[in-house]
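Sequence positions, counted from 1, serve as the residue numbers for this chain.
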Amino acid sequence: RLPVLLLAIAMLGSALKDSDLVPDTPLQNKRNPLNVYFVKVAWAWTLWLLLPFISLTTYELARSKFLYGRTKSVLLVLRRLGALLVGTAVWYVCTEFFIHVENLTGECSLQGKPGRPPRLYASKRECHQDGGVWNGFDISGHCFLLSYCAMMILEEVAVLEALSIDHSSKLRVVIDVLFVSLCFLTMIWVFMFLCTALYFHDFSQKLLGVLIGLSGWYGTYRFWYLKPFSPGLPLPNIPLGSKKYSYSR
């Protein structure tokens, strides 16, 4: 139900923002610690935590549940880690696309300076270097990335339902710590998504951002990863119906 929740947050937050009903808080400052140290590097946080989590859980499942040998288990781990490469590609392509759209649709507002002839600015960066303000269609990168990261984490942690490891083992402790960390990170992503909806961007920019993020998740985990030539789903050889059932629980 998280996709519906994110869309609802984007719409409700925009309505409150446009109605001037949102109180002033430190979170409306882009330099707040959560934005600087987490959201600005959201993909890095997601990548660093999912990398060991996917590796350990996939290897343990392959050895214990599916009785694979060591070599085949390692190959399965490498295949599943391909999801992180795909995620990195989605993040990079979409981010570059957003920058291109903003540069293509914007113009620079700059106070004229004596002795300097007027010039045209081709990008937001050039405008800012001269102290100007760039006005363009700024698709919300926060709404895109936070929704995509949150959905990806939820897909990957669903693998815990199939794991059967002794709770006293060191491996179980490590996996539990990673799981709790991923849950905490998801809470931060959803909370900062709410802050973005309340304080930043126009409604159309936020809606387009979250729709692109959800499309990236749906196109991979609910379509491409069902195909043979893909990184595959977190629960290998488990029917899709069982995976959906795990979410309903």
Colleague: I'd like to check the ring-ring contact (aromatic ring centres under 6.0 Å, His included) partners of Trp45; sequence neighbours left out, ordered by chain and number.
Modeller: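 With neighbours one apart ignored, the set is Phe38.
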
Colleague: Return the minimal non-hydrogen interatomic distance between Ala10 and Ala197, and the atom names on each side.
Modeller: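 Shortest heavy-atom separation between Ala10 and Ala197 comes out as CA-CB, 4.1 Å.
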
Colleague: Is it true that atom OH of Tyr218 has more than 12 heavy atoms of other residues, nucleotides or ligands lying nearer than 6.0 Å?
Modeller: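 Atom OH in Tyr218 is not crowded, with 12 or fewer foreign heavy atoms closer than 6.0 Å.
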
Colleague: Kindly work out whether a path of hydrophobic side-chain contacts (I/L/V/M/F/W/Y, heavy atoms less than 4.5 Å apart) joins Val173 to Leu178.
Modeller: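 No: no chain of side-chain contacts under 4.5 Å links Val173 to Leu178.
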
Colleague: Are the side chains of Leu7 and Leu211 in touch, meaning some heavy atoms are under 4.5 Å apart?
Modeller: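 In short, these two side chains touch, coming nearer than 4.5 Å.
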
Colleague: List for me each residue that meets ring-ring contact (aromatic ring centres under 6.0 Å, His included) alongside Phe144, sequence neighbours excluded, and say none if there are none.
Modeller: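 If we apply the ring-ring contact (aromatic ring centres under 6.0 Å, His included) test to Phe144, skipping adjacent residues, the hits are Phe98.
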
Colleague: Is there a donor-acceptor contact under 3.5 Å from the side chain of Trp224 to the main chain of Phe229?
Modeller: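 Side chain of Trp224 to backbone of Phe229: a pair is present.
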
Colleague: Consider only side-chain heavy atoms of I, L, V, M, F, W and Y, link residues closer than 4.5 Å, and tell whether Met152 and Leu226 are in one cluster.
Modeller: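 Yes, because Met152 and Leu226 connect within a single hydrophobic cluster, where side-chain heavy atoms sit under 4.5 Å apart.
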
Colleague: side-chain contact (heavy atoms from CB on, under 4.5 Å), that's the test. Do Ile139 and Glu102 meet it? Break it down for me.
Modeller: CA-CA 8 Å; Ile139 302 173; Glu102 188 175 11; over 6 Å; no

Colleague: Is Ser204 close to Phe137 at the side-chain level, that is, under 4.5 Å between some pair of heavy atoms?
Modeller: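 When only atoms from C-beta onward are counted, Ser204 and Phe137 do touch, with a gap below 4.5 Å.
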
Colleague: Taking the side chain as every heavy atom from C-beta outward, state whether Leu160 and Ile175 have any pair of such atoms under 4.5 Å apart.
Modeller: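 Side-chain contact under 4.5 Å: yes.
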
Colleague: Decide whether Trp91 and Trp48 are clustered together by the hydrophobic rule: side chain heavy atoms of Ile, Leu, Val, Met, Phe, Trp, Tyr closer than 4.5 Å, transitively.
Modeller: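 Per the 4.5 Å side-chain linkage, Trp91 and Trp48 are not co-clustered.
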
Colleague: To the nearest 0.5 Å, how far apart are CG in Leu154 and CH2 in Trp217?
Modeller: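 Nearest 0.5 Å value for the CG-CH2 distance: 9.5 Å.
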
Colleague: Do Asn135 and Thr105 have side chains that approach each other closer than 4.5 Å (heavy atoms only, starting at C-beta)?
Modeller: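 The answer is no; the side chains never approach within 4.5 Å.
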
Colleague: For the side chain of Ser230 and the backbone of Gly232, is there at least one donor-acceptor N/O pair under 3.5 Å apart?
Modeller: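 Yes; at least one donor-acceptor contact below 3.5 Å.
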
Colleague: From Phe200 CZ over to Lys206 NZ, what is the distance, rounded to the nearest 0.5 angstrom?
Modeller: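 Here the rounded value is 10.0 Å.
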
Colleague: Between Ser147 and Gly213, which heavy-atom pair has the shortest distance, and what is it?
Modeller: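 So the minimum-distance heavy-atom pair works out to OG-CA, 3.6 Å.
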
Colleague: For Arg172, is there an ion pair with Asp176 - N to carboxylate O distance below 4.0 angstrom?
Modeller: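 Yes, Asp176 and Arg172 are salt-bridged.
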
Colleague: Quick one, Arg80 and Ile54 - any side-chain contact, counting heavy atoms below 4.5 Å?
Modeller: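 They are in side-chain contact.
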
Colleague: Side-chain contact test, heavy atoms from C-beta onward, threshold under 4.5 Å: evaluate it for Ile99 versus Lys124 and give yes or no.
Modeller: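 No, side chains not in contact.
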
Colleague: Hey, does Leu198 have a side-chain heavy atom less than 4.5 Å from the side chain of Ile9?
Modeller: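 Answer no - side chains too far apart.
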
Colleague: Are the side chain of Thr58 and the backbone N or O of Ser55 linked by a donor-acceptor pair below 3.5 Å?
Modeller: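 Checking the backbone N and O of Ser55 against the side chain of Thr58, no donor-acceptor pair under 3.5 Å is found.
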
Colleague: Name all pairs fulfilling the side chain to side chain donor-acceptor pair (under 3.5 Å) condition that reach into residues 28-41, sequence neighbours left out, sorted by first residue then second.
Modeller: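 Sorted result for residues 28-41: Asn35-His142.
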
Colleague: Rounded to the nearest 0.5 Å, what's the gap from CG on Leu61 to CG on Leu76? Could you check?
Modeller: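 Here the interatomic distance stands at 8.5 Å.
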
Colleague: When rounded to the nearest 0.5 angstrom, what is the spacing between CG in Leu50 and CH2 in Trp43?
Modeller: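 Leu50 CG to Trp43 CH2: 7.0 Å, rounded to 0.5 Å.
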
Colleague: With a 4.5 Å cut-off on side-chain heavy-atom distances among I, L, V, M, F, W and Y, is there a chain of contacts connecting Val4 to Leu12?
Modeller: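 No.
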
Colleague: List the atom of Pro231, the atom of Gly82, and the distance in Å for their closest heavy-atom pair.
Modeller: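 What the structure gives for the nearest pair is CG-C, 3.7 Å.
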
Colleague: Please walk me through it: do Tyr68 and Leu75 pass side-chain contact (heavy atoms from CB on, under 4.5 Å)?
Modeller: CA-CA 10 Å; Tyr68 288 170; Leu75 290 176; over 6 Å; no

Colleague: So which atom in Pro228 and which in Arg79 form the shortest heavy-atom distance, rounded to 0.1 Å?
Modeller: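 For Pro228 and Arg79, the tightest heavy-atom pair comes out as O-NH2, 3.0 Å.
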
Colleague: Please say yes or no: joined through hydrophobic side-chain contacts below 4.5 Å, possibly via intermediate residues, are Leu16 and Leu207 part of one cluster?
Modeller: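 Linked, Leu16 and Leu207 end up in one cluster.
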
Colleague: Roughly how far, to the nearest 0.5 Å, is OG of Ser140 from NE2 of His201?
Modeller: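 Nearest 0.5 Å value for the NE2-OG distance: 4.0 Å.
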
Colleague: Atom OG1 in Thr220, atom CE in Met151: separation rounded to 0.5 Å?
Modeller: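 So the gap between those two atoms works out to 9.5 Å.
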
Colleague: I'd like to know if Glu155 and Arg222 make a salt bridge, using a cut-off of under 4.0 Å between side-chain N and carboxylate O.
Modeller: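 A salt bridge is present here (some side-chain N lies under 4.0 Å from a carboxylate O).
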
Colleague: Write down the atom of Val159, the atom of Phe53, and the distance for their closest heavy-atom approach.
Modeller: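 Shortest heavy-atom contact: CG1-CE2, 3.8 Å.
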
Colleague: What verdict does the side-chain contact (heavy atoms from CB on, under 4.5 Å) test give for Leu145 and Val39, after you've listed the backbone C-alpha separation in whole Å, the side-chain angles of each residue and the deciding distance to 0.1 Å?
Modeller: CA-CA 9 Å; Leu145 187 56; Val39 179; over 6 Å; no

Colleague: What residues, two or more places apart in sequence or in another chain, satisfy disulfide (SG to SG under 2.5 Å) together with Cys127?
Modeller: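 Cys127: disulfide (SG to SG under 2.5 Å) contacts with Cys108.
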
Colleague: Test of understanding: with ring-ring contact (aromatic ring centres under 6.0 Å, His included), list the residues that count as partners of Tyr225, not counting sequence neighbours.
Modeller: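 Once residues adjacent in sequence are excluded, the partners of Tyr225 under the ring-ring contact (aromatic ring centres under 6.0 Å, His included) criterion are Tyr221.
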
Colleague: For residues 180-191, dump all side-chain donor-acceptor pairs below 3.5 Å to protein atoms at least two apart in sequence or in another chain.
Modeller:
unit_1	atom_1	unit_2	atom_2	d
Ser181	OG	Val177	O	2.8
Thr186	OG1	Leu182	O	2.8
Trp189	NE1	Thr46	OG1	3.4

Colleague: Take atom CZ of Arg125 as the centre, draw a 6.0 Å sphere, and report whether it contains more than 12 heavy atoms from other residues, nucleotides or ligands.
Modeller: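 Atom CZ in Arg125 is not crowded, with 12 or fewer foreign heavy atoms closer than 6.0 Å.
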
